[in-house]
Amino acid sequence: MAQLIDGKKISAEIKDELKKQVSELKADGKEITLAVIQVGNDPASSVYVGNKKKACEYIGIKSLAYELPEETTEEKLLSIIEELNNRDDVNGILVQLPLPSHINEDKVIETIDSKKDVDGFNPMSVGALSIGKKGFVSCTPAGIIQLLKRSNIEIEGKECVVVGRSNIVGKPMAMLLLRENGTVTVAHSRTKNLKEVTKRADILVAAVGKPKFITADYVKEGAVVIDVGIHRNENNKLCGDVDFESVEPKASAITPVPGGVGPMTIAMLMYNCVNGCQGE
Ligand code: GUN
C-alpha cells in the first residue's frame, strides 16, 4: 500500500510554525500585513478569499480586504495596487484571479511590486525562479516541494515528470524540481506517447486539468504520485487528475484529493507573507 501524503497535516504544521514566527515578530513590534483584493463576486473566488482571510487570522497576519464591485475599472484597480506598493505597512498584495474580462490580468500582475508579489505570478518573480535568484515562488508548486521534503522523499537525481505547463503550476513546478536537482521532463497535451513519458517518472506531478486522467497504465511501479487536480465527479464527489483507486496500489506514495496538494497552497501563501522573497 502506498504512503498517503497528508497535505492537511503538513499544511497545519506549516501554519503552526508560522503562527509561532509571527508571534515572535509581534513581540519585536513587527506586524505582517497582506492586502487581498477581489473584484466582483464570483462564488468560487469568494470561498478562496474567505479561506485566505481565515488563515491570516489564525496565524496572526493582518489582512486588508478590498472587495471591489464587478464594474471597477482597470485604472482604478491599478491605482489601488500602486498605493499598496507604496505603503510601508503592507508586506504582500494578492489580487484574486480570474478578473472580470474588461480588466487585463497581465497588466495587473505586472503592476504588483515584485517585493510584495506573494502569489509569485509577476514576470520578475517567475524570471528570478528560473535563474535561481531571490523571489517569490508560486504557492502550489512550492507546497508540493514541502510535501515531498516533509515526507522524506528525495528529489535529487530522480526522474521527475510534470504533466501540464501552466504558468501557475507546471512551469514553476519544473523549475523547483530542477532547483532540487531532479531530472525534469515537462509533458503536455501535445506530448507524443504520453504514457511512455510518464512511466519513466520516479516522481509524477499531474496538473492536467482532466478528472481521473492518470490511470495505472501511466504510472511506474513504486512511483511517487502528486495530484494537483480538483474536480467534482458525476456523484458530486471531489476527485483529482489521478484515478486514485487504480494508481494507489502501484505507487510508493500518493497525495489524496481532497487533503493532498489543496491545503498546501494557502499554507505557502502564508509562508510567503511571513518570510518575504526567498532564494539565493
Ligand atoms: N485564483 C485561483 N487560484 C489563485 C491563486 O492562487 N492566486 C490568485 N491570486 N488567484 C487565484
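Counting convention: from 1, in listed order, for ligands and their atoms alike. These numbers come from a predicted model, not from an experiment.
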- Relative to Y58, does K19 satisfy both conditions: NZ or CZ under 6.0 angstrom from the six-membered ring centre, and within 45 degrees of the ring's axis? yes
- Item | side-chain hydrogen bond (donor to acceptor under 3.5 Å, both in side chains), paired with D241, selected from K210, H231, K212 | H231
- Query: Taking only residues two or more places apart in sequence or in another chain, which ones pass salt bridge (charged side-chain N to carboxylate O under 4.0 Å, His left out) with D243?
  - Reply: none
- Output for pair (I93 CD1, N85 CG), nearest 0.5 Å, gives 4.0 Å
- Item | Proximal ligand 1 atoms for L97, defined as those under 4.0 Å from one of its heavy atoms | 1 (N), 2 (C), 8 (C), 9 (N), 10 (N), 11 (C)
- Task: Return a yes/no value for Q96: is any of its N or O atoms, backbone included, closer than 3.5 angstrom to an N or O of ligand 1?
- Result: yes
- Work out whether the distance between some heavy atom of M268 and some atom of ligand 1 is less than 4.0 Å. no
- Message: List ligand 1 atoms under 4.0 Å from V95, heavy atoms only on the residue side.
- Response: 8 (C), 9 (N)
- Mind checking whether D119 has an N or O less than 3.5 Å away from an N or O of ligand 1? yes
- Which one holds for E105 and ligand 1: side chain close, backbone close, both close, or neither close, with close meaning a heavy atom under 4.0 Å? neither
- Query: With sequence neighbours left out, what residues match V257 under side-chain contact (heavy atoms from CB on, under 4.5 Å)?
  - Reply: D227, I230
